[in-house]
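Presented below is the structure to which this report refers.
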Amino acid sequence: MTVTAYTLAVVLDLFILFIGARFLLRPRPAAAGYGVPAKPDGDAAYLAVKGLRDLTFGVVGLALLIFAGARAEAWFMLAVAIVPFGDTLIVLRHGGTRAVAFGIHFATAVVVLISAALLFAV
């Protein structure tokens with residue numbers, strides 16, 4: 001179970017790092033993948049904020065796992081699970097599809113909570 005817990009945590013941290021980098025480097029396609037396409041004439045600052053937020057979460061998650069251990073990472077995962085739950089509501093409230101809201105964001109929140117539970121069990 002220890003290998004699974006650490007592997008899932010690292011994969012999630014790297015994945016959110018990738019998403020953050022994508023929002024910073026290719027914001028319009030990233031926004032479309034998020035479920036709420038960006039307006040052609042605006043939203044650049046908000047896309048950069050999302051990119052920086054996600055990039056930071058990935059770095060903090062990896063740093064906690066490396067330097068503070070599984071329990072700190074578990075608390076971090078528990079706290080950041082709020083973000084994909086919130087993303088689910090954002091997509092639903094702003095014209096995104098239920099498939100993206102639940103199939104991507106809600107599912108991500110569940111996986112993050114599973115990761116937290118596995119890390120608490122280590």
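Computation of the quantities below employed the complete heavy-atom set of this structure, encompassing side-chain atoms and omitting hydrogens, waters and symmetry-equivalent molecules.
- Closest approach of A21 and L55 over heavy atoms only: N-CD1, 4.0 Å.
- Interatomic distance, T97 OG1 to I104 CD1, rounded to the nearest 0.5 Å: 7.5 Å.
- When all heavy atoms of A81 and P84 are compared, the closest pair comes out as O-CD, 3.2 Å.
- Distance OH/Y6 to CE/M1: 13.0 Å, rounded to 0.5 Å.
- With a 4.5 Å cut-off on side-chain heavy atoms, L14 and L62 count as touching.
- Among D87, T88, L92, the one residue that satisfies the side-chain contact (heavy atoms from CB on, under 4.5 Å) test with I90 is D87.
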Determine, stepwise, if the pair T108 / V83 fulfils side chain to side chain contact (heavy atoms under 4.5 Å, CB included). CA-CA 10 Å; T108 298; V83 174; over 6 Å; no
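- From L65, atom CG reaches atom CZ of R71 across 14.5 Å, with rounding to the nearest 0.5 Å.
- Cluster annotation: V59 and L12 are assigned to the same hydrophobic cluster (Ile/Leu/Val/Met/Phe/Trp/Tyr, side-chain heavy-atom contacts under 4.5 Å, transitive).
- Connection of V80 to V110 is established within a shared hydrophobic cluster, with ILVMFWY side chains joined at heavy-atom distances below 4.5 Å, either directly or through further cluster members.
- Here the side chains of L119 and W75 are not in contact, with every heavy-atom distance at 4.5 Å or above.
- The distance from the CD1 atom of I82 to the CG atom of L113 is 9.5 Å, given to the nearest 0.5 Å.
- Scanning all heavy atoms of the two residues, the minimum distance from A5 to V122 falls at CB-CG2, 3.6 Å.
- The shortest side-chain heavy-atom distance between D13 and L64 does not fall under the 4.5 Å cut-off.
- You'll find the side chain of R28 stays beyond 4.5 Å of the side chain of P40, heavy atoms only.
- For the residue pair A31 and A38, the shortest heavy atom distance occurs at CB-N, 3.8 Å.
- Note: T4 OG1 to I114 CD1 = 12.0 Å, rounded to the nearest 0.5 Å.
- Of all non-hydrogen atoms in G61 and F76, the two that sit nearest each other are CA-CE2, 3.4 Å.
- Residues E73 and A9 come closest through the heavy atom pair OE2-CB, 3.9 Å.
- Within the structure, the ring-ring contact (aromatic ring centres under 6.0 Å, His included) test picks out the following pairs touching residues 12-56 (sequence neighbours left out): Y34-H105.
- Taken from OG1 in T56 to CG in L17, the straight-line distance is 9.0 Å, to the nearest 0.5 Å.
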